[in-house]
Amino acid sequence: MFQAAKSLDDALSAIADGCMLVVPREVAGVPMHATRALIRRGVKRLHLVALPTSSLQADMLIGAGCVETLETSAVSLGEFGPAPRFTAALTVGTIKMKDATCPALHTALQAAEKGVPFMPLRGLIGSDVLKYRNDWKVIDNPFGNDDPIVLLPAIKPDVALIHAAMADRFGNVWIGRQRELATMAHASAKTVATVEKIHDGNLLDDPVLAAGTLPGFYVDSVAVCERGAWPLGLPDAYGADAGHLAEYARMAATVEGFAEYLDKYVYDKCAA
Amino acid sequence: MFQAAKSLDDALSAIADGCMLVVPREVAGVPMHATRALIRRGVKRLHLVALPTSSLQADMLIGAGCVETLETSAVSLGEFGPAPRFTAALTVGTIKMKDATCPALHTALQAAEKGVPFMPLRGLIGSDVLKYRNDWKVIDNPFGNDDPIVLLPAIKPDVALIHAAMADRFGNVWIGRQRELATMAHASAKTVATVEKIHDGNLLDDPVLAAGTLPGFYVDSVAVCERGAWPLGLPDAYGADAGHLAEYARMAATVEGFAEYLDKYVYDKCAA
Amino acid sequence: MCMTSAPLSFRPEELLADVIARLIGDVRHVAVGNASPIPATAALLARERGNGRPYVSLLGSPQHTFWTDGGRELFDCAGQGRIDVFFLSGGQIDGHGNINLVSIGDYAHPKVRFPGSYGSAHLYYVVPKVILFRTEHSRRTLVPDVDFISAPGANAPNVYRPGGPIALVTNRCLFSFANGRFTLDSVHPGHSVADVVENTGFDFDRPAHVPDTEPPSPTTLKLLRETVAPQLAEVYPQFALQVFGVGQSALTG
Amino acid sequence: MCMTSAPLSFRPEELLADVIARLIGDVRHVAVGNASPIPATAALLARERGNGRPYVSLLGSPQHTFWTDGGRELFDCAGQGRIDVFFLSGGQIDGHGNINLVSIGDYAHPKVRFPGSYGSAHLYYVVPKVILFRTEHSRRTLVPDVDFISAPGANAPNVYRPGGPIALVTNRCLFSFANGRFTLDSVHPGHSVADVVENTGFDFDRPAHVPDTEPPSPTTLKLLRETVAPQLAEVYPQFALQVFGVGQSALTG
């Protein structure tokens, strides 16, 4: 339950080495400021679940050596090309990859949200995505007739880390249409949010704002990080910083360049 | 997809005799004005699914002979006592009852929303709710060890009938925190909405309103019915009419009294 | 039991709320269903004693619930293990802790039909502490075996069941529940073990000496009347007025 | 095929959009993934021709999607049967319609790693008309067998699969897909059957005479340039400018 955080690092203390951390897709409000703080702290051995895809965030965490296992459907810089540290890690084999497909991750988080051990999903049969996931099972649909269907075990992260437009002093976080952020919080033991600003008053008191609010009941800590998704965008607030992403793609193409990038944009706190 | 309705009866034309109709619980915005119109039209043989419970709406539809099968977790007038027409129909045996438990109905609608044939639910084992539902199945959890779990088949209604605060001219309906209304629409082949008023502009254009909006993509018709939930309440708009509900409870206690109630409040269009 | 002829210095509702508050204990989250003023009083009392812990959700009231994910959120929340205490009742409750919210007589042709099982067939299994509460303590309500099991009191050991009944509170006494049976823990002032035996349709265990239910202390009564009652009046104005003489206007006017 | 030496009166993108718009046909809802300007052009063209039908969702653009239920809504919507046409591609596509978005070489130690399967392992099964689109038509991309099956082109008859591939559109030609195989339907102006054979790594069927792909009519070109391009410019400003010479300012300025 919600406790006001003293600092960003204090808020992030829930994210321990070796924990399962779920983060949102690249367009849903990615806590990049918090991600840089985690890299500075040197978090290790994360089981990172990107719901259902990621871009810069997963690439940086991988490049910085924070990730042991990655579970997602895709990592890419989009128009800026492949995600270089992700690609390098997978060709060299330095992280364990659990390839998924987008709705499988949504479904597995919803299973945890509903407190059930699994949920079914159509598709997947005959794919190598299924073939390499020995944690997924195929059963004969008990309501059908010779109808194989995939069951996905619930994903129950230790921590959900999200970024959103605002929160109030009660830990309520306004997530708008990004409802997977609520599912992430419901499914996870703890939730840490960074937000652009604090809303005066209680978000749940206004029925219109409440409709887009993740209740503080599910939120353990909140830290204010203005432009906290930079250089990614935040829906309805600001767009991605294309120039910076191009610079990242260029620098992160090599191990040395990536180290320089971290020095310039992560370890130098002022720039972060 | 959305078409502007010419009238309430026009909007309700999607609700054919014998169809499976899903309606919301008594506090979520019940389309009572539309319910009275359906009774006037004399709709027959409904498979009524009340998600997950009902009060006046189910009781009136049952009393008026519109219901063949009822699937819900409870029907009651709450502080005004038992639902008299429901109780009478079940003791006499004039309708087929499919007793459920609240989360089973939410889950079965979510299965339809996700396009899967079933979903699991914890609980139920050892209950007579399960014993009398031969459409539900128990399997051994494939991810567990001697761990029986109930599977519920998806409920795919023909029509969802809802009432909400407002809609725009594109069929977008603002449902606020009543998110089961979205699940109902997603799960159903068609959706009919009555609303208190029309919102000028497009609800999806405002990120704050959009967060509480059911997109017109899922809505087939919308009719304006001011105080359309009366004598029940509408969240954040108006409360229930306690005097009227007490009058209903009194009158509907007998077949004759219920007929008088219909004459006074349903067949006399002006009063409706 | 020693009967007192002096008038009680507290109302039965105050005693019951105090008993229930003790059963709630030190937990994170108590949820109270609709139309349950005494459990609501108990939950608010527990919160006052715990300096804000547990978190209390009063389901009938949008002001006292945080739900923003629709009607399913209560059940999902319980399934996640985020509801520690809930209250259930029954048209019938039997000695195995089974509850019946459906019907009396043959299910297909019932003599009496109740509203239905609501969420009991899920919540009774997943909420760690379910407190059964039924003020009417009679052989009509407390029966050897219910006619319809909306939710069973216990399951075979292999059935996933992190939750279940811990107690049954009536107008006459407090039963605890363990290993599929009720035990008479205490009898409320003004009632006797003989009363309880006579009015209970099921077998139950009891120690050689059954204590009286501890009456609410002056501190508790003060807390109930001065601090809890005004909060309660927001949700249960009639109850608060009738039991505590506290009107809603005290807070909102 | 009769090669023409006269310069084409349309751009390749216009031809491809026209081909795809015909494949879309008369349906209710077309969804187009991120970074897919040519399929988006085709969907908007189909909508213009159909007087507003089909409904078009351009996934990259909040203004051109209706989602309010989070990232899952696209997949739920498809699972409900509410998406009739979708587009997929692949680092490799093989003659069985299998697509590979994951890796080349051994999965555990890949020589090349692509981003990942995205939603293909679900959408390919449930969307009735999936149009495969890959402009690069070479033996590198169109292979006998993919190294990793992100989603298969076909399944055994007992597998639930209301959807799947209906065609593959490349910079050289249009293949249709049925019964687990591709058939060469037409070759785009400026290319030849021999070109196609030489640059395709998989076997495919073809009729004795393979027609040229029908070029876009003057009416279609007018519609594309005057009506579709300004709409496109809202989502793909650079593409609209480059292909159609239309700036975003035309609409929003």
Side-chain angles (χ1 to χ4, degrees), chain A residues 24-25 27-28 51-53 55 72-79 82-83 86-93 97 99-107 109-110 121-132 141 144-150 175-183 212 235-236, chain D residues 34-35 59-60 62 65-79 96 98-127 146-163 238:
Chain A
R25 62 197 172 129
V27 297
L51 178 68
T53 56
S55 65
T72 191
S73 302
V75 182
S76 162
L77 300 182
E79 56 181 309
F86 161 79
T87 306
L90 265 71
T91 45
V92 175
M97 181 68 199
D99 267 293
T101 188
C102 302
L105 291 167
H106 286 295
T107 292
L109 268 293
Q110 284 183 282
L121 181 68
R122 287 302 195 183
L124 281 167
I125 293 170
S127 75
D128 288 343
V129 180
L130 176 63
K131 179 173 132 188
Y132 289 106
N141 169 14
N145 180 15
D146 187 21
D147 175 21
I149 188 166
V150 176
I175 58 171
R177 282 165 286 187
Q178 275 62 55
R179 293 207 67 83
E180 68 263 42
L181 303 186
T183 296
D236 305 310
Chain D
N34 293 348
L59 302 188
T65 47
F66 55 76
W67 319 120
T68 59
D69 200 28
R72 63 178 164 254
E73 190 172 359
L74 162 67
F75 308 104
D76 288 355
C77 194
H96 317 287
N98 300 324
I99 61 175
N100 174 8
L101 297 155
V102 167
S103 56
I104 296 193
D106 177 33
Y107 175 63
H109 302 94
K111 274 185 285 190
V112 177
R113 172 71 204 203
F114 305 127
S117 300
Y118 292 97
S120 64
H122 179 249
L123 295 173
Y124 208 29
Y125 296 72
V126 298
V127 174
V146 295
D147 289 13
F148 183 100
I149 302 173
S150 284
N155 280 96
N158 66 321
V159 174
Y160 177 85
R161 183 149 191 181
Q238 286 182 299

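In what follows, chains carry the letters A, B, and so on, assigned in the order in which the sequence lines appear, proteins first and then strands, with residues in each chain numbered from 1.
At a 4.5 Å heavy-atom cutoff, the contact between A:Arg122 and chain D is made by backbone and side-chain atoms alike. Looking at A:Ala104, neither its backbone nor its side chain comes within 4.5 Å of chain D, counting heavy atoms on both sides. For a residue to count as touching a neighbouring chain, one of its non-hydrogen atoms must lie under 4.5 Å from one of that chain's; by this rule D:Val146 does not touch chain A. At a 4.5 Å heavy-atom cutoff, the contact between D:Asn155 and chain A is made by side-chain atoms alone. Neither the backbone nor the side chain of D:Asp106 has a heavy atom closer than 4.5 Å to any heavy atom of chain A. Residue D:Phe114 touches chain A through its backbone alone, counting heavy-atom pairs closer than 4.5 Å. For a residue to count as touching a neighbouring chain, one of its non-hydrogen atoms must lie under 4.5 Å from one of that chain's; by this rule D:Arg161 does not touch chain A.
Heavy-atom pairs under 4.5 Å with chain A peak, among D:Pro115, D:Gly116, D:Ala108, D:Gly70, at D:Pro115. Most heavy-atom pairs under 4.5 Å with chain D: of the set A:Thr72, A:Leu90, A:Thr87, this distinction falls to A:Leu90. Of the residues considered (A:Gly212, A:Ala88, A:Gly126), A:Gly126 shows the highest number of contacts with chain D, using heavy-atom pairs under 4.5 Å. The candidate from D:Asn158, D:Asp76, D:Val102 with the greatest count of non-hydrogen atom pairs under 4.5 Å with chain A is D:Asn158. For chain D, the option among A:Thr91, A:Leu77, A:Val75, A:Leu124 with the highest count of heavy-atom pairs below 4.5 Å is A:Leu124.
Between the side chain of D:Asn100 and the backbone N or O of D:Ile149, no donor-acceptor pair lies under 3.5 Å. Checking side-chain atoms of A:Ser73 against main-chain N and O of A:Cys102 turns up a donor-acceptor pair under 3.5 Å. In terms of modelled atom types and a separation under 3.5 Å, the side chain of A:Ser127 and the main chain of A:Leu130 share a donor-acceptor contact.
A:Asp99 has no carboxylate O lying under 4.0 Å from a charged side-chain N of A:Lys131, or vice versa, which leaves the two without a salt bridge.
Atom-to-atom distance recorded for A:His106:NE2 and A:Thr101:OG1 is 10.0 Å, nearest 0.5 angstrom.
Scored by the side-chain contact (heavy atoms from CB on, under 4.5 Å) test, A:Ala89 finds A:Ile62, A:Thr94, A:Ile95 as partners (sequence neighbours excluded).
Applying the 6.0 Å contact sphere to CG of A:Asp146 captures more than 12 heavy atoms from other residues, nucleotides or ligands.
In this pair, A:Tyr132 and D:Phe148 present their aromatic rings parallel. The plane angle is below 30°, not in the 30 to 60° band.
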